[in-house]
Structures are given as C-alpha cells and as structure tokens.
Amino acid sequence: MVITQKRKLGHSGLEVSLLCFGGNVFGWTIDENTSFEILDNFIAAGGNFIDTADVYSTWVKGNIGGESETILGKWLKQRKNRDQVVIATKVGNDMGIKGKGLSRQHIQQAVEDSLQRLQTDYIDLYQSHIDDETTPLEETLETYAELIRQGKVRAIGASNYSAERLRRALEISRQYSYPRYESLQPRYNLYDRDGYEQDLQQISTEHGIGVISYSSLCSGFLTGKYRSEKDLSISLRGSSVKRYLNPRGLRILEAIDRVAKTYNSTPTQVSLAWLIANHTITAPIVSATKVEQLNDIIKAVNLHLDQDAIDLLNQASSSNT
C-alpha cells in the first residue's frame, strides 16, 4: 500500500503526502529503535511529511524537551534523506527554564536549538505552536521573515490560533510584506468538529492556507478500541479518551462501524478517509507505535468514501443531534 498523491501546502511551494506523521510519540511511547522502524516504513509507503515540536516530550518524567527532534535528527543523519522529506516543527510552547512564547529573542534561540537537534541547516515548516498574545504579531512575523531570508526556515505556519488572531496575522503579513502563515494546525476529527468548521475552515479556504489537522483519531478513540471505561487502561493515552465516552461519542463509533463494514475496512481507515475527503484538509496528522498500526493507517489514503457514507458520518457526529 503506497501513498502516491501529494498536495500543495498553502502557497509555500512544499508538496506533502496525504498523511503527516506526528512525532509526538518519539521518545514518549516509542524508543529510538522503534521510531526509526516506524519512520522507515512511513517513507517506504510514500509518506514524506513529518511533524514534531521542540516541546515534545517535556511531559515525560526526566525529559527536558527536544527528545522527539533529537530522535528525528539522528534518523535523518543516518538515512541521509533530508532532501526527500518535509520536516515541520514548532516553537512557542513552554520549555521550562528555556522559556516560552513567540518573542524575537525566544524564537531566535529556539530555532537554533531545533536545527541542532534535527541535525539540519533548515526547517521546511516552522510553526507557532500556541498563540502568544503578550508579543505583538508584528514582532513574531518579522522574526520569521529574517529566518526565511537567512535560509533557516522555508515556510511558516500557525497552530492553535483563533480565527480572529489568524485573520489579524494574515492582515499584518500583507500590510508589512512579511511572510504569511501558509498552514494551520487545528484539532479536528469526527468528534471535535466545531472549533475548525465554525470559522477557521472558511479562513483557510478564503486564503488558500494548508490545513494539517491534529488529534485526527481523537487520541485513539476513533480507532474503536475504547468502547467503555474498562478499556481506558489499554494504553498510556487512555485517560485522555474518557471525555469521548458519552452518547454522542458512541453514536459516532456506531456510524464508523457501519461504514467500515460496508467498505470492508477498519474504524481507523474510515475516520481518516473522512478527513482526507474534506477538500480543505491538506494532510491529517497520524501517529503509530507499531508497524501494524501504521499499515492500517496508510490504507486510509485509498479508501474513497461515497457521499452516503460521508453524510452518515456527518449526521452521527453533528453536535446538533
């Protein structure tokens, strides 16, 4: 099973695979060797887009942040394939003693740290991980403009921005001729729909912004492996799934099961195929801790849902029903 199709990411000039691999698992739920194995299989299947962040994975006891980038950097160096992959990372989240935010000073230091850990001269997509209302947008965007001029960054993106702040950032980029956010990374899946669909989807379409949805499988809930509270102990992420175990969540799983049966596929593939079918989504972010999981995920790119299936999933997941 191979991902053959690529999509353009906004107006960045970057062409990315229909799925983006999420590197938050590196150094958290999988070790270096397993990370290498997963990455090798993702690339072999035609994937070329990998997302990480400087803050991954500070939440693990004993970690200081940068663990994911470090593993990815070692893999890039060993495989000598830097020019074949699109690397996205992020800045701005709380790095403890190393600080946080999107000030000029913090970005300038953070990008050097990320480049060093990734063992590369440039970052394809550098994203504001979380909005920083204490720093003027002008300062943030001007700093990114310098990094692009220096060749350290190819394009910039925004993650977790409100519609209002994203619009304002786009206006400032236009006003001062700064590079603009070419991508948006919102939480979006069959359960979490409103945050993106209410305003951000329209802005992305209006401005031709690439969208890289995260939490594409709802921390694993949409794979169907969590059906009741007793299932929450299955994995480390189980505790974050509890909020989905409600009548609406179970209704969504029931609809996914019906579609999966019709197409002889899996809940994972159906959930991702629904995202891929949304023309405003460039590439959903996916993660896997085993090659078998990755193989299941990859098959989603060749699952083409008809309108009846999409309508069934939309109706079941509507927050108004």
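Along the sequence shown, residues are numbered consecutively beginning with 1.
Separation of atoms NZ (Lys299) and CG (Asn295) is listed at 6.5 Å; rounding is to 0.5 Å. With values rounded to the nearest 0.5 angstrom, Phe42 atom CZ is found 5.5 Å from Ile298 atom CD1.
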Chi angles and distances behind the side chain to side chain donor-acceptor pair (under 3.5 Å) call for Asp113, Gln109: CA-CA 6 Å; Asp113 291 343; Gln109 182 57 58; 3.0 Å; yes
Test log, rule ring-ring contact (aromatic ring centres under 6.0 Å, His included), inputs Tyr226 and Phe221: CA-CA 6 Å; Tyr226 303 99; Phe221 175 71; 7.5 Å; no
Verdict with reasoning, Thr266 to Gln269, per side chain to side chain donor-acceptor pair (under 3.5 Å): CA-CA 5 Å; Thr266 65; Gln269 292 162 25; 3.3 Å; yes
Arg193 and Ser317: CA distance, side-chain angles, deciding distance, side chain to side chain donor-acceptor pair (under 3.5 Å) verdict: CA-CA 8 Å; Arg193 291 177 56 183; Ser317 62; 2.7 Å; yes
Tyr188 and Trp274: CA distance, side-chain angles, deciding distance, ring-ring contact (aromatic ring centres under 6.0 Å, His included) verdict: CA-CA 11 Å; Tyr188 186 53; Trp274 177 83; 5.5 Å; yes
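More than 12 heavy atoms of other residues, nucleotides or ligands shown are found within 6.0 angstrom of CD on Gln78. Open room surrounds CD on Gln202; 12 or fewer heavy atoms of other groups in view lie less than 6.0 Å from it. The 12-atom threshold is exceeded at CD of Glu138, counting heavy atoms of other residues, nucleotides or ligands nearer than 6.0 Å. No more than 12 heavy atoms of other residues, nucleotides or ligands sit less than 6.0 Å from atom CD of Glu164. Crowding of Glu146 atom CD: a count of heavy atoms from other residues, nucleotides or ligands under 6.0 Å exceeding 12.
When atom types are taken as modelled, the side chain of Arg7 and the backbone of Ile281 share a donor-acceptor pair closer than 3.5 angstrom. Ser318 places no side-chain N or O within donor-acceptor distance of the main-chain N or O of Asn314, the cut-off being under 3.5 Å. Within the 3.5 Å criterion, the main-chain N or O of Thr89 finds a donor-acceptor partner in the side chain of Gln127. A distance-only check finds a donor-acceptor pair linking the side chain of Arg227 to the backbone of Gly224 [under 3.5 Å]. Side chain of Ser17 to main chain of Asn48: a donor-acceptor pair is present (N/O by atom type, distance under 3.5 Å, no hydrogens or angles). With hydrogens and angles disregarded, a donor-acceptor distance shorter than 3.5 Å links the side chain of Ser162 to the backbone of Arg165. For Glu67 (side chain) and Gly65 (main-chain N/O), a donor-acceptor pair under 3.5 Å exists by modelled atom type. Between the side chain of Gln293 and the main chain of Ala288, no donor-acceptor pair closer than 3.5 Å is present. Remark: side-chain polar atoms of Asn93 are not paired, donor with acceptor, to backbone N or O of His129 under 3.5 angstrom. Between the side chain of Ser219 and the main chain of Ser215, no donor-acceptor pair closer than 3.5 Å is present.
With sequence neighbours excluded, the residues that form a salt bridge (Lys or Arg N to Asp or Glu O under 4.0 Å) with Asp40 are Arg79. With sequence neighbours excluded, no residue forms a ring pair (Phe, Tyr, Trp, His ring centres under 6.0 Å) with Tyr263. Residues satisfying the side-chain hydrogen bond (donor to acceptor under 3.5 Å, both in side chains) criterion with Ser265, sequence neighbours excluded, are absent altogether. For Ser271, the side-chain hydrogen bond (donor to acceptor under 3.5 Å, both in side chains) test picks out no residue, with sequence neighbours left out. Applying the side-chain contact (heavy atoms from CB on, under 4.5 Å) test to Thr120 and every residue at least two apart in sequence or in another chain returns Arg82, Leu115, Leu118, Tyr122. Remark: Ser216 pairs with no residue by the side-chain hydrogen bond (donor to acceptor under 3.5 Å, both in side chains) rule, at least two apart or across chains. Taking the side-chain contact (heavy atoms from CB on, under 4.5 Å) definition, one finds that Thr140 meets it with Leu102, Ile107, Ser128, Thr135, Tyr144, Tyr181, sequence neighbours left out. The side-chain contact (heavy atoms from CB on, under 4.5 Å) search around His106 returns Val91, Ser103, Ala110, not counting sequence neighbours. Partners of Arg180 under the side-chain contact (heavy atoms from CB on, under 4.5 Å) rule, at least two apart in sequence or in another chain, are His11, Leu170, Ser173, Glu182, His207, Ile209.
Ser68 has its side chain out of reach of Asn24: every pair of non-hydrogen atoms, C-beta onward, lies at least 4.5 Å apart. Under the 4.5 Å side-chain criterion, counting only non-hydrogen atoms from C-beta, Tyr244 is not in contact with Leu253. Side-chain atoms of Ile276 and Pro284, non-hydrogen and from C-beta on, do get closer than 4.5 Å to each other. You'll find the side chain of Val211 reaches within 4.5 Å of the side chain of Tyr196, heavy atoms only. You'll find the side chain of Tyr56 stays beyond 4.5 Å of the side chain of Asn63, heavy atoms only. Between Leu222 and Ile252 there is a side-chain heavy-atom pair separated by less than 4.5 Å. Leu303 is listed as a side-chain neighbour of Leu305, based on a closest heavy-atom distance under 4.5 Å. Within the 4.5 Å cutoff, the side chain of Thr58 has no heavy atoms near those of the Ile64 side chain.
Under 4.0 Å is where a charged nitrogen must lie from a carboxylate oxygen, and between Arg167 and Glu206 at least one such pair does. Salt bridge annotation for Arg168-Glu171: present, with a cationic side-chain nitrogen under 4.0 angstrom from a carboxylate oxygen. Between Glu112 and Lys152 there is a salt bridge, since at least one side-chain N of the basic residue sits less than 4.0 Å from a carboxylate O of the acidic one. In summary, Glu15 and Lys6 do not engage in a salt bridge, as defined by a charged side-chain N under 4.0 Å from a carboxylate O. One finds a salt bridge joining Arg243 and Asp192 here, because a Lys/Arg side-chain nitrogen approaches an Asp/Glu carboxylate oxygen to under 4.0 Å. Between Asp51 and Lys90 there is a salt bridge, since at least one side-chain N of the basic residue sits less than 4.0 Å from a carboxylate O of the acidic one. Classification of Arg104 and Glu142 as a salt-bridged pair fails, no side-chain N sitting under 4.0 Å from a carboxylate O.
Figure legend: Arg248 and Tyr191 shown as a cation-pi pair, the cationic atom lying under 6.0 angstrom from the six-membered ring centre and within 45 degrees of its axis.
Cluster partners of Leu14, using a side-chain heavy-atom cutoff of under 4.5 Å among ILVMFWY residues and allowing indirect links, are Leu9, Val16, Phe49, Val86, Leu125, Ile212, Tyr214, Ile285. In the hydrophobic clustering, Ile130 connects to no other residue, as no ILVMFWY side-chain heavy atoms lie under 4.5 Å from its own.
Between the side chains of Asp54 and Ser114, no donor N or O sits under 3.5 Å from an acceptor N or O. Remark: the Asn160 side chain and the Gln185 side chain contain no N/O donor-acceptor pair separated by less than 3.5 Å. With 3.5 Å as the limit, one finds no donor-acceptor pair spanning the side chains of Ser204 and Gln201.
Checked against the 6.0 Å centroid threshold, Phe26 and Phe36 do not count as a close aromatic pair.
The list of salt bridge (Lys or Arg N to Asp or Glu O under 4.0 Å) pairs with a residue in residues 272-292, not counting sequence neighbours, is empty.
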